[in-house]
There are 2 protein chains.
Amino acid sequence: MAQETRKQEIIRVAAELFKNKGYSAVTMRDLASAIDIKAASLYNHINSKQDILKVIIISIAEDFTSGMQSIIDSKKSSISKLRDVIALHVRLASNNINGMAALNNDWMHLEDQLDFYLKLRSDYENNFMEIIKSGIETKEIKNCNPEVIMFSILTTLRSLYLWIPKKEALNANELSQNLNQVLIDGITNK
Amino acid sequence: MAQETRKQEIIRVAAELFKNKGYSAVTMRDLASAIDIKAASLYNHINSKQDILKVIIISIAEDFTSGMQSIIDSKKSSISKLRDVIALHVRLASNNINGMAALNNDWMHLEDQLDFYLKLRSDYENNFMEIIKSGIETKEIKNCNPEVIMFSILTTLRSLYLWIPKKEALNANELSQNLNQVLIDGITNK
DNA sequence: GTCTATATTTTGATAGAC
DNA sequence: GTCTATCAAAATATAGAC
């Protein structure tokens with residue numbers, strides 16, 4: 001891994017501050033201070049505060065999109081696909097805890113890219129729902145309200161960023177297994 | 001129900017704006033404009049922006065505290081207590097969707113009341129965890145990692161405010177039942 | 001690439017007329 | 001109880017020296 005550039009450092013530290021206080025409450029002076037430079041110097045590396053948010057959120061959203069596409073394209077059972085979705089969330093959340101917080105909490109502060117983000121999120125949820133409905137049709141999944149099932153699983157997965165840092169004891173595999181047991185095995189016919 | 005006072009209106013509309021953009025991104029001018037008065041007029045009814053946030057969050061946090069206390073004091077089984085916790089979240093979220101959003105997303109912007117809020121939240125989670133651990137001891141609940149169980153259930157319940165508005169078709173009882181099925185029956189021994 | 005200095009806007013909040 | 005006028009501080013961002 002190459003040496004971190006100043007721009008990468010700015011984005012990394014910004015994501016950390018955004019996680020703690022939210023995009024709107026973090027000032028460019030806060031960010032500069034955390035890096036130990038002056039606020040004006042930030043603008044030699046980034047165009048605007050908004051650009052920082054855009055880079056953080058859109059890159060993760062596209063990771064989710066491509067990850068979901070791979071799962072959809074696979075010819076696995078619905079339950080296997082759901083397990084892969086869980087693993088995808090665990091992996092992406094583990095890779096970028098702070099960015100995930102911004103994705104979850106600050107997407108509404110996107111300006112030019114807001115519609116693009118909303119489209120990606122909507123597509124993702126539609127794919128998720130199709131997996132659940134297919135699983136219900138093939139009787140892999142209990143015939144519960146599919147929206148309640150998706151809501152329950154997806155909100156849990158979207159909150160992983162809050163929880164992973166506290167559970168260093170659990171590695172990603174263990175966490176995926178535990179979530180599988182609670183989220184999936186609970187809803188499958190036995 | 002008595003006529004809404006101007007102060008109550010300010011708090012109600014503020015919660016709605018906070019839900020959409022977050023506390024920090026909502027200005028007193030935004031709030032005044034939504035009520036169709038001037039920003040300076042707000043201060044005839046409230047002391048500060050911070051006071052509005054405090055009223056919104058602390059009142060709900062205390063509702064959760066007293067609701068949990070009633071559940072703990074009851075001599076029901078662990079599973080029955082968990083079902084009551086779900087009903088508590090559904091009820092409080094339904095009663096105050098926008099306030100619940102502020103509780104979830106803007107608690108870190110509390111100033112004087114931050115420590116008090118954190119204490120209430122910590123106590124709540126400890127009580128929740130005790131219910132789960134008791135249920136595992138009595139074998140009502142599967143012997144999964146209790147923290148994963150609590151995390152999964154609690155994050156789902158805490159996100160209800162996002163979801164209830166979209167599901168007007170489901171009333172509170174139906175929603176509780178569906179959540180019970182997905183969250184509880186999935187983790188019980190059969 | 002970082003700095004000082006500064007422009008411009010916006011912010012929470014107050015004073016005082018009505 | 002609401003308004004206009006205003007303050008003081010803080011915000012994002014730019015210009016230009018080094």
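FYI, side chains are in, hydrogens and waters are out, and symmetry mates aren't considered; it's all heavy atoms of this structure. Per chain, numbering begins at 1; letters A, B, ... match sequence-line order.
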Does any pair with a residue in residues 54-65 of chain B pass side-chain hydrogen bond (donor to acceptor under 3.5 Å, both in side chains), and if so which ones, sequence neighbours excluded? Asp51(B)-Lys54(B)

We want to know whether Glu140(A) and Thr138(A) form a side-chain donor-acceptor pair, criterion being a heavy-atom distance below 3.5 angstrom. yes

May I have the distance from Glu111(A) (atom CD) to dT12(D) (atom P), rounded to whole angstrom? 12 Å

At under 4.0 Å between heavy atoms, which parts of nucleotides 13-18 of chain D does protein reach? Answer with one letter per nucleotide, 5' to 3': B base, S sugar-phosphate only, - none. BBB---

Residues that Tyr23(A) engages under ring pair (Phe, Tyr, Trp, His ring centres under 6.0 Å), provided they are two or more places apart: Phe18(A), His109(A)

What is the distance, to the nearest angstrom, from the NZ atom on Lys38(B) to the P atom on dT4(D)? 5 Å

Quickly work out the Ile52(A) CD1 to dA11(D) C1' distance and round it to whole Å. 14 Å

Working note: Ile37(A) + Arg6(A), criterion side-chain contact (heavy atoms from CB on, under 4.5 Å); need CA distance, chi angles, decisive distance, verdict. CA-CA 11 Å; Ile37(A) 59 177; Arg6(A) 194 59 124 176; 3.2 Å; yes

So does Lys19(B) pair up with Glu16(B), basic N to acidic O under 4.0 Å? no

Under 4.0 Å from any atom of DNA chain D, heavy atoms only: list the residues of residues 8-27 of chain A that qualify, in numerical order. Val26(A), Thr27(A)

Expressed as a whole number of angstroms, how long is the span from Lys7(B):NZ to dT2(D):P? 14 Å

Take the protein atom CG of Asn44(A) and the nucleotide atom C1' of dT12(D), then report the distance between them rounded to whole Å. 16 Å

Identify the residue among Thr155(A), Ile153(A), Val148(A) that makes a side chain to side chain contact (heavy atoms under 4.5 Å, CB included) with Phe151(A). Thr155(A)

Taking OP1 and OP2 of dC3(D), is either one under 4.0 Å from a side-chain nitrogen or oxygen of Ser41(B)? yes

Could you tell me how far apart His45(B) (NE2) and dA13(C) (P) are, to the nearest whole angstrom? 15 Å

Contacts of Glu174(B) meeting side-chain hydrogen bond (donor to acceptor under 3.5 Å, both in side chains) (sequence neighbours excluded), chain-then-number -> none

Quick one: Leu53(B) CG to dG12(C) P, roughly how many Å, whole number? 13 Å

Trace of the side-chain contact (heavy atoms from CB on, under 4.5 Å) decision for Leu160(B) with Leu179(B): CA-CA 10 Å; Leu160(B) 278 174; Leu179(B) 286 170; 3.8 Å; yes

Listed by chain and number, what are the ring pair (Phe, Tyr, Trp, His ring centres under 6.0 Å) partners of Phe64(A), not counting sequence neighbours? His89(A), Tyr124(A)

